[in-house]
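So the structure is just underneath, and the comments pick up after that.
Every value quoted in this text rests on a predicted model; they were computed, and no experiment measured them.
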Amino acid sequence: MSRPPTFVPPPGARAYSLRTARGEFAVVDAPVAAGVEPRGVALLLPGFTGSKEDFNPLHVPLAERGYRTVAVDGRGQYESDGPEHDESAYAQEELARDVLAQAEALGTPVHLLGHSLGGQISRAAVLIDHTPFLSLTLMASGPAQISVSQQQRVKLLRDALAVMSMAEVWDAIRAMEAPEETETGELDEGLDDREDLRHRWLGNKPAELLATGRQLCVEPDRVAELAAVPLPFHVLSGALDDTWPVTLLDEMAVRLRARRTVVEGAEHSPNTDQPLATARAIAGFWDRVTHQGR
């Protein structure tokens with residue numbers, strides 16, 4: 001069960017709009033902790049229906065390891081603007097080129113980390129141009145389309161968005177929740193504040209949800225292409241995952257010759273389920289990349 005983070009940026013972090021060649025994107029930017037030697041910069045991409053706030057529990061432990069972390073809302077996600085109804089604006093290549101522009105705006109090579117949908121967008125960006133990146137971490141993000149059960153959930157959402165407003169869909173989702181889900185706030189990566197969750201949901205552009213939901217259901221296996229890219233890879237997941245089976249993530253790591261981390265006690269959102277263990281694993285991988293680079 002996900003443990004709830006908060007919508008409030010952690011101490012020292014700053015929320016602002018990152019200006020890029022492809023527009024402005026809302027970010028939470030957390031600097032390296034005081035007195036700690038800087039070791040690198042990381043760009044963090046959230047998953048489907050998620051946002052930059054999903055990474056709030058990771059900023060402080062990663063800052064203490066020497067990493068500045070910049071979590072971003074993608075185009076049409078929460079606080080980043082985008083078209084309401086033009087799905088073509090959210091084609092995977094468009095979103096991937098946004099990531100390249102975000103990395104360029106940071107002005108230094110970055111470690112790239114994508115959660116779930118964010119992992120597949122990250123992969124697409126790396127396949128276009130890997131040179132802005134020092135490494136790629138795929139967190140709870142699989143090799144191809146999501147599981148059949150999750151495809152069914154996405155189809156229900158897409159069907160609802162075809163005939164209902166975002167506010168009406170939110171109310172319908174809440175009405176269908178089991179009582180224990182309502183109490184614990186499991187929906188949407190475990191964030192627990194009802195009003196903040198609703199505010200985030202209403203910030204998403206319908207076209208973004210429709211387009212990226214479809215992508216998750218039809219994404220091809222591009223692992224062989226990615227394996228040919230000269231970057232260090234890290235495949236990280238919880239011990240359980242109903243979006244991509246953990247065994248499938250194990251196989252993907254082998255195909256990528258990637259570092260593999262399974263975070264015990266975590267499911268599809270290790271960043272909120274077990275943030276300290278997740279941050280240790282991520283920083284350990286980045287440290288290794290830095291050491292090998294030297």
Side-chain angles (χ1 to χ4, degrees), residues 40 42-48 50 55 58 62 65 67 92 96 99 109-151 215-294:
L43 181 61
L44 314 178
L45 309 186
F48 185 62
F55 296 110
L58 298 183
L62 290 174
R65 292 287 294 267
Y67 293 97
Q92 189 183 75
V99 175
V110 300
H111 296 284
L112 183 59
L113 182 150
H115 174 229
S116 195
L117 170 70
Q120 297 199 331
I121 294 170
S122 297
R123 177 172 74 178
V126 165
L127 289 174
I128 293 171
D129 181 7
H130 72 274
T131 58
F133 307 113
L134 298 170
S135 70
L136 173 61
T137 296
L138 301 172
M139 184 167 72
S141 186
Q145 73 274 10
I146 55 179
S147 65
V148 172
S149 63
Q150 291 300 312
Q151 289 182 44
Q215 290 166 27
L216 285 168
C217 294
V218 301
E219 177 73 6
D221 188 323
R222 304 186 71 186
V223 175
E225 291 177 70
L226 188 62
V229 174
L231 277 182
F233 301 117
H234 185 194
V235 175
L236 183 147
S237 73
L240 298 172
D241 198 310
D242 62 357
T243 305
W244 288 277
V246 172
T247 54
L248 200 62
L249 300 177
D250 293 339
E251 294 168 6
M252 182 176 71
V254 171
R255 294 169 65 193
L256 289 172
R257 299 181 296 280
R259 183 165 182 164
R260 177 73 173 109
T261 298
V262 176
V263 180
E264 295 299 328
E267 298 186 18
H268 187 59
S269 298
N271 44 310
T272 58
D273 294 343
Q274 296 290 339
L276 294 181
T278 300
R280 282 196 298 270
I282 293 168
F285 170 65
W286 291 342
D287 286 350
R288 181 179 176 185
V289 171
T290 301
H291 177 75
Q292 290 176 338
R294 290 175 179 171

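With a 4.5 Å cut-off on side-chain heavy atoms, Pro109 and Phe133 do not count as touching. Side-chain contact check for Val126 versus Leu231: some heavy-atom pair is nearer than 4.5 Å. You'll find the side chain of Ser122 reaches within 4.5 Å of the side chain of Leu136, heavy atoms only. The side-chain heavy atoms of Leu248 and Pro143, taken from C-beta on, include a pair separated by under 4.5 Å. Counting only heavy atoms from C-beta outward, the side chains of Asp241 and Glu267 never approach each other to under 4.5 Å. Side-chain atoms of Val229 and Leu127, non-hydrogen and from C-beta on, do get closer than 4.5 Å to each other.
Taking every heavy atom of both residues into account, Cys217 and Gln145 meet most closely at O-CB, 3.5 Å. Between Leu134 and Val289, the shortest heavy-atom contact is O-CG1, 3.8 Å. Here the shortest heavy-atom pairing between Val263 and Ala277 reads CG1-CB, 4.0 Å. Closest non-hydrogen pair, Ser269 versus His115, comes out as OG-CE1, 3.7 Å. Closest heavy-atom contact between Ser116 and Ser141: O-OG, 2.7 Å.
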Would Leu240 and Val246 count as a side-chain contact (heavy atoms from CB on, under 4.5 Å) if you check the C-alpha gap in whole Å, the side-chain angles of each, and the deciding distance to 0.1 Å? CA-CA 6 Å; Leu240 298 172; Val246 172; 5.5 Å; no

Using the side-chain contact (heavy atoms from CB on, under 4.5 Å) rule, take Val99 and Leu112 through it: C-alpha gap first, then chi angles, then the decisive distance, then the call. CA-CA 9 Å; Val99 175; Leu112 183 59; 4.0 Å; yes

Stepwise side-chain contact (heavy atoms from CB on, under 4.5 Å) check, Leu113 with Ile282: CA-CA 9 Å; Leu113 182 150; Ile282 293 168; 3.5 Å; yes

Between Val235 and Arg259, does a side-chain contact (heavy atoms from CB on, under 4.5 Å) hold up when you go through it step by step? CA-CA 6 Å; Val235 175; Arg259 183 165 182 164; over 6 Å; no

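One finds the CG atom of Leu44 at 7.0 Å from the CG atom of Leu58 (value rounded to the nearest 0.5 Å). Distance check, rounded to the nearest 0.5 Å: CD1 of Ile146 to CH2 of Trp244 gives 6.5 Å. With rounding to the nearest 0.5 Å, the separation of CZ in Arg280 from CD in Gln274 is 9.0 Å. One finds the CG atom of Asp273 at 7.5 Å from the OG1 atom of Thr278 (value rounded to the nearest 0.5 Å). Here the CG atom belonging to Leu236 is positioned 10.0 Å from the CG atom belonging to Leu138, to the nearest 0.5 angstrom. In this structure, Leu216 CG and Leu117 CG are separated by 5.0 Å, a value rounded to the nearest 0.5 Å.
Here the side chain of Ser135 pairs no donor or acceptor atom with the backbone of Phe233 at under 3.5 angstrom. Under a 3.5 Å cut-off, the side chain of Gln120 and the backbone N or O of Gly142 do form a donor-acceptor pair.
Note on Asp221 versus Arg255: salt bridge recorded, some NZ/NE/NH1/NH2 to OD/OE distance being below 4.0 Å. Salt bridge Glu219/Arg123: present, at least one basic N to carboxylate O contact under 4.0 Å.
The closest side-chain donor-acceptor pair between Ser237 and Arg260 falls under 3.5 angstrom. Side-chain contact annotation: His234 with Thr261, donor-acceptor N/O pair under 3.5 Å present.
Partners of Thr243 by side chain to side chain donor-acceptor pair (under 3.5 Å), not counting sequence neighbours: none found. Residues meeting the ring-ring contact (aromatic ring centres under 6.0 Å, His included) test with Trp286, sequence neighbours left out: Tyr67, His111.
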